Amino acid sequence: MLRILSLCVWLAPLPALAGGPFGDYDPVDFGPRGPARYAVHGIDVARFQEEIDWRRVAASGVAFAWIKATEGGDVKDPSFDRNWQLAARHGIPRGAYHFYYFCTPPEVQARWFIRNVPRRGRALPPVLDMEWNPFSPTCTTRPPGAEVRRQARIFLDIIERYYGQRPIIYTTPEFYAVTGIGQVRAEFWLRSVAKTPDQVYPGQPWVFWQYTGTGVVPGVEGGVDINAFRGTRGAWRRWLRRHEK
C-alpha cells in the first residue's frame with residue numbers, strides 16, 4: 001500500500017504557476033499584464049494557514065508578509081504572535097492587518113489593534129481590511145459609502161498617529177464599487193483574482209495586488225494568498241526604506 005501511495009504522489013501533477021514565481025492550485029491566465037511581470041511577491045496569512053514554517057517561506061523567495069492581527073473590537077488572531085515573531089526572525093518584512101466590522105465604532109477597533117500589535121521593532125505599515133462580511137454570525141451591516149469612508153478615515157487617522165505611518169487599505173471589487181473607498185487618502189492593496197487590477201479598478205492607483213487565494217508556497221500548508229508589489233526590485237527597496245519603521 002505504501003508503495004502504491006508513493007507512486008500516486010509521484011505521478012500527481014505539480015501545481016501550475018500562479019502567474020508569478022509560485023505555484024497555484026487553481027491558476028488563472030491573466031495575459032501579458034499579469035503578476036508575472038512583477039518581480040516582488042509576498043503572502044498574507046491568518047490562523048487558517050495553521051503552523052507556518054517561516055524558515056522555508058523565507059528560503060522560497062517570499063519578499064514580504066501581511067499577518068492578520070485583529071478583527072472588530074475584541075477578536076485577536078490566535079496565530080498572530082507566533083507569525084509576527086517568526087517572520088521577523090527569518091528576515092521577512094512583515095506588517096499587521098485589521099479586519100473591519102461595521103458594528104463596532106472605529107475608535108474601539110483602532111484601540112484594539114493598538115493593544116495587540118507592537119509598535120517596537122521594524123514593520124510595514126498597518127493595513128485596514130475593508131470588505132463586506134456576508135457570512136458573519138453577528139455583523140452583516142452594509143452602511144452607505146459616505147459612512148464607510150467616514151469610519152475608515154477615523155480608523156486610519158488614529159493608527160497613523162500611533163504608529164507614525166499611514167495604513168494601507170485592502171479592499172475587494174464589490175466593496176470598492178459600492179462604497180467609493182478609493183476616495184480615501186491611502187495607499188491601496190487590491191484583490192483581483194480573475195482579471196488584472198486595471199480591468200477591475202480602472203484608474204485606481206495601487207501598490208499591492210492580491211492575485212490568488214490558492215497559491216502554493218513552501219512552508220505553508222494548503223492554498224495561500226499571494227500578492228505582487230507594483231514595481232521593480234529597486235522600487236521595492238526604495239518603498240521599504242520609506243515605509244518600514
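Counting from 1, the numbers follow the sequence of the chain as shown. Remember, it's a predicted structure, so these values are computed and weren't measured experimentally.
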Quiz item: Can Thr70 and Asn116 be counted as having a side-chain donor-acceptor contact under 3.5 angstrom?
Solution: no

Look at atom [atom1] of [X] and say whether more than 12 heavy atoms of other residues, nucleotides or ligands are closer to it than 6.0 Å.
X	atom1	answer
Gln204	CD	yes
Glu107	CD	yes
Lys76	NZ	yes

Taking only distance into account, with no hydrogens and no angle test, what donor-acceptor pairs under 3.5 Å do side-chain atoms of residues 52-63 form with protein atoms, sequence neighbours excluded?
residue : atom : partner : partner atom : Å
Asp53   : OD1  : Arg55   : N            : 3.2
Asp53   : OD1  : Arg56   : N            : 3.3
Trp54   : NE1  : Asn83   : OD1          : 3.0
Ser60   : OG   : Val57   : O            : 2.6

Exercise. Could you list the residues that satisfy salt bridge (charged side-chain N to carboxylate O under 4.0 Å, His left out) with Glu187, not counting sequence neighbours?
Key: none

Practice problem: Could you list the residues that satisfy salt bridge (charged side-chain N to carboxylate O under 4.0 Å, His left out) with Arg233, not counting sequence neighbours? | Solution: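 With neighbours one apart ignored, the set is empty.
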
Give me the atom names and distance for the closest heavy-atom approach of [X] to [Y].
X	Y	result
Ala69	Ala96	CB-CB, 4.0 Å
Ala152	Ile181	CB-CD1, 4.0 Å
Ala110	Ile158	CB-CG2, 3.6 Å

Quiz item: Going by the side-chain hydrogen bond (donor to acceptor under 3.5 Å, both in side chains) test, which pairs reach into residues 118-129, not counting sequence neighbours?
Solution: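 Output for this query is empty, none listed.
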
Quiz item: Taking the six-membered ring for Trp, are Trp209 and Tyr211 parallel (under 30°), tilted (30 to 60°) or perpendicular (over 60°)?
Solution: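 The arrangement is perpendicular - the two ring planes meet at more than 60°.
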
Kindly say whether [Y] contributes a backbone atom to a donor-acceptor pair with the side chain of [X] at under 3.5 angstrom?
X	Y	value
Trp112	Gly72	no
Gln109	Phe155	no
Lys245	Gly164	yes
Thr171	Met130	yes
Glu147	Pro144	no

Exercise. Test the Arg94-Trp84 pair against the cation-pi criterion, namely NZ or CZ under 6.0 angstrom from the six-membered ring centroid and within 45° of the ring axis.
Key: yes

Exercise. Among Arg47, His98, Glu71, Arg82, find the one that has a side chain to side chain contact (heavy atoms under 4.5 Å, CB included) with Asp77.
Key: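 Exactly one pass, corresponding to Arg47.
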
Quiz prompt | Spatial distance of atom CD (Gln151) from atom CD1 (Ile154) [nearest 0.5 Å] | solution = 7.0 Å

Self-check item: Interatomic distance, Trp66 atom CH2 to Ile168 atom CD1 [nearest 0.5 angstrom]
Solution: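 Answer for the CH2-CD1 pair, Trp66 versus Ile168, is 3.5 Å.
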
Indicate every side-chain donor-acceptor pair of residues 219-228 with a distance under 3.5 Å to a residue at least two apart or in another chain.
residue : atom : partner : partner atom : Å
Asp225  : OD2  : Gln210  : NE2          : 3.3
Asn227  : OD1  : Trp189  : NE1          : 2.8
Asn227  : ND2  : Gly42   : O            : 3.4
Asn227  : ND2  : Asp44   : OD1          : 2.9

Can you check whether [X] and [Y] have ring centres sitting under 6.0 Å from each other?
X	Y	answer
Tyr163	Phe113	yes
Phe208	Phe64	yes
Trp206	Tyr38	yes

Quiz item: Taking the hydrophobic residues Ile, Leu, Val, Met, Phe, Trp and Tyr, and joining any pair whose side-chain heavy atoms are under 4.5 Å apart, which ones share a cluster with Phe99?
Solution: Tyr101

